[in-house]
Amino acid sequence: MAKTKISSILGSVLAALGIQADLEFRVDIPPRQELGDYASNIAIIYGRKLKQNPLKLAEQISKKVTELDKEKLVSKVEFVKPGFVNIFLNNSFLQQTTQDILQLDHAWGTSQAGNQERVLLEFVSANPTGPLHVGHGRWAVVGDVIARLLKATGSKVKTEFYVNDVGNQVEKLEASVKARRQNIEIPAGGYGGEYIKEVEGETRAEMLAFLMDQQKSVLKALSVEFDTWFAESELHKQDKIRWAIEKLHGLGVTFEESGAIWFKSQALGDDKNRVLMREDGRPTYFAADIAYHLNKFERGFDHLIDIWGTDHHGYLGRLTAALKVLGLPVEKFEIIIGQLVTLYRGNEPVRMSKRTGEMITLQEVIDEIGADAVRFFFSATDVNSHLDFDLELAKKKSQDNPVYYVQYAHARICSILKKSEMRNAKSEQGIDLSELNHPAERALMFKLLTWPDLVVEAARLRHPHRITEYGKELATVFHSFYEQCRVLGNPARLALVNASRITLRNVLKLLGINAPEAM
RNA sequence: GCGCCCGUAGCUCAAUUGGAUAGAGCAUCAGUUUCCUAAACUGGGGGUUGGGUGUUCGAUUCACCCCGGGCGCACCA
């Protein structure tokens, strides 16, 4: 990976200058091309520490870089203004990377940055009381892409959907379905949506199974599949909840009041104390969730990730308080809080509550704009930002949707390669690429070069939108290259186009989006 | 009221987690096709990054205070 190589050269420069390397310096792509392919703040950081003029230190470092650049990656080094060290790469390095891509193929962009860490990623976990809505769709897509990112960087990921098949909600669901069938009024707090009359099954279990099958089929339509579906009822059957409460009791962090058992969470950082066991002897959802997360740790994972909607964020304090007091490694427990999706039809916001009659399901959205577009849109923004999703707009613009832009670049490439009869990557290995020096060729090669670093970064930050951004950028660079450089009849360019095809396909694969060969 | 999150071009969003002259798409204006897919490309206009103070070589990013919006504050999940 390019950044690693640059960093390692800079590290050896520090050693050669007799500087103790104990500070983190950055290697980034500068904002403008004139400033090089990569730039580092190394001289600024160390200048301050050593009380030296950063610009002079940058000068010293620059001179050493070319000297210690054993692989001849670097063509030129500059030092500038506050003390940046700007590095320009040799075209031969870019050409070699392009060559490597053809060989790596599907493995291009994968790495072992995740150190084979065993990760449990839990997401969606919608109640089995109705169809999935658009908000669930966002978590489904984001969770699925994060899982793919972690796998691509060498983590062992298991995905899980937690099913709350016990408690008030499912009781009300059953009551609502039965009331609807008898044409009597839905009980207070019940479910009044139209879908209720579609629910099949005589027993509660059958009704839940019906709704879960429906959810699974929508998720499948979005190419989201889970390794495990974990039922809350299992925890009850195995008496795990009582066991968890007793553990807390043994630690002296519970008390009894007005017939209920409480957790002293306030003393452990939460806003207030919380009930574990109700007056009537039934455990709360919270108690079950403690047992569930205890179970997750018991299954031997190195790292747990939960994705929650912001409507559950108030829950975070009590759960981490409980896990902490139970002696679990909370630093291995990561919660991604995502902001909600507001759905619009034109200027009209669409309600997403299951209890209202008017509700747009995820399935309907998929039917309307297509799974690829849904995945792309939901992957395209930071989960920490609100998403205003206008169906009218998404439908109207479906022809120049960003997803089509990226897919079109891939289809265009496939068309060229088909004409050239050079589809096979292997047949293009060994072709001399040294003539690839046109600015558009170079820009494309450089964009390809940055792919593996980007995947690592996106995985580390759990940022799927980095991948969609890259996809759009790569498509732009490719289209621009295509306008300027005639490809057919030029073996070196065909190899570059093929490397672009591989990268673009790997981008789309990571996003779970189709890479069409023709459009 | 308290807590968490957000506020960036007319609209939808980015900005390499403290980096250099804040970028894309849509919309808008002006161009490009006897030539590998025009679902494309090239160029123009459009910004006090909600406001203020501070921290430092450097702030969209960090701290504090306002303003505005979302979410939460159950013996629901």
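To find a chain, count down the sequence lines: A is the first, B the second, and so on, and within it residues start at 1.
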Open item on the list: Looking only at the side chain of A:Glu469 (C-beta and beyond, no hydrogens), which of the listed nucleotides B:G19, B:A14, B:A20 gets closest?
Closed with: B:A14

Task: Option passing side-chain contact (heavy atoms from CB on, under 4.5 Å) with A:Met1 (candidates A:Thr450, A:Ile6, A:Asp453, A:Leu454) - done: A:Asp453

TODO: Output the single nucleotide from B:A38, B:A14, B:U16 whose closest atom is nearest the side chain of A:Ser385.
DONE: B:A14

Filtered N/O pairs between nucleotides 8-10 of chain B and protein, under 3.5 Å:
none

Open item on the list: Any non-hydrogen side-chain atom of A:Asp372 less than 4.5 Å from a side-chain atom of A:Asn401?
Closed with: no

TODO: Would you tell me if any nitrogen or oxygen in the side chain of A:Arg466 comes within less than 4.0 Å of OP1 or OP2 on B:A15?
DONE: yes

Open item on the list: What residues from residues 470-489 of chain A pass a heavy-atom cutoff of under 4.0 Å to RNA chain B?
Closed with: A:His479, A:Ser480, A:Tyr482, A:Glu483, A:Cys485, A:Arg486, A:Val487, A:Leu488

Task: Nucleotide B:G18, atom C1' - distance to CZ of A:Phe25 in whole Å - done: 17 Å

Open item on the list: Taking only side-chain N and O atoms of A:Tyr292, does any of them lie within less than 4.0 angstrom of OP1 or OP2 on B:A77?
Closed with: no

- [ ] Could you check which of B:G69, B:U37, B:C57 has an atom nearest any side-chain atom of A:Arg48?
- [x] B:C57

Open item on the list: Does B:A15 have its OP1 or OP2 closer than 4.0 Å to a side-chain nitrogen or oxygen of A:His465?
Closed with: yes

TODO: Name the closest nucleotide to the A:Arg32 side chain, picking from B:U16, B:A77, B:U21.
DONE: B:U21

- [ ] Look at A:Lys419 and B:U37 and indicate whether a side-chain polar atom (N or O) is within less than 4.0 Å of OP1 or OP2.
- [x] yes

Open item on the list: How many whole angstroms separate atom CZ of A:Arg318 from atom P of B:G72?
Closed with: 13 Å

- [ ] Tell me what A:Asn86 touches on the nucleic acid: a base, only sugar-phosphate, or nothing, going by heavy atoms under 4.0 Å.
- [x] base

TODO: Could you check how far CG of A:Leu454 sits from P of B:A15, rounded to whole Å?
DONE: 11 Å

- [ ] State the dot-bracket string of RNA chain B. Criteria: Watson-Crick or G-U wobble, both atom distances under 3.5 angstrom; notation: ( ) intrastrand, [ ] crossing earlier pairs, | interstrand, . unpaired.
- [x] (((((((..((((.....[...)))).(((((.......))))).....(((((..]....))))))))))))....

TODO: Give the nucleotide from the list B:A15, B:A77, B:A38 with an atom nearest to the side chain of A:Tyr285.
DONE: B:A77

- [ ] Taking only heavy atoms on the protein side, list every residue of residues 263-277 of chain A lying under 4.0 Å from any atom of RNA chain B, sorted numerically.
- [x] A:Lys272, A:Val275

TODO: Among B:U37, B:G3, B:A20, find the nucleotide with the atom closest to the side chain of A:Ile416.
DONE: B:U37

Open item on the list: Nearest whole Å is fine: how far is B:G19 P from A:Lys81 NZ?
Closed with: 15 Å

- [ ] For A:Arg204, look at atom CZ and say whether over 12 heavy atoms of other residues, nucleotides or ligands are found less than 6.0 Å away.
- [x] yes

- [ ] Return each pair, listed once, that meets salt bridge (charged side-chain N to carboxylate O under 4.0 Å, His left out) where at least one residue sits in residues 475-492 of chain A; pairs must be two or more places apart or across chains.
- [x] A:Arg412-A:Glu483

Task: Residues touching RNA chain B, which here means a heavy atom under 4.0 Å, drawn from residues 368-378 of chain A - done: none

Open item on the list: I need the OH-P distance between A:Tyr405 and B:A38, as an integer number of Å.
Closed with: 13 Å

- [ ] For the residue pair A:Tyr470 and A:Thr503, establish whether any side-chain heavy-atom pair is separated by less than 4.5 Å.
- [x] yes

Task: Minimum-distance nucleotide to A:Asp311 side chain [options: B:A77, B:G72, B:U16] - done: B:G72

Open item on the list: Given B:C5, B:A39, B:C75, identify the nucleotide with an atom nearest to the side chain of A:Gln339.
Closed with: B:C5

Open item on the list: From CZ of A:Arg412 over to C1' of B:A38, roughly how many Å is that when rounded to an integer?
Closed with: 7 Å

Open item on the list: Are the side chains of A:Val477 and A:Lys447 in contact, using a 4.5 Å heavy-atom criterion?
Closed with: yes

Task: A:Asn384 side chain near B:C6 phosphate (N/O to OP1/OP2, under 4.0 Å) - done: yes

Open item on the list: It should be established whether A:Ser415 places a side-chain nitrogen or oxygen under 4.0 Å from OP1 or OP2 of nucleotide B:U37.
Closed with: yes

Open item on the list: On the side chain of A:His386, is there an atom forming a donor-acceptor pair with the base of B:G69 - under 3.5 Å, no angle test?
Closed with: yes

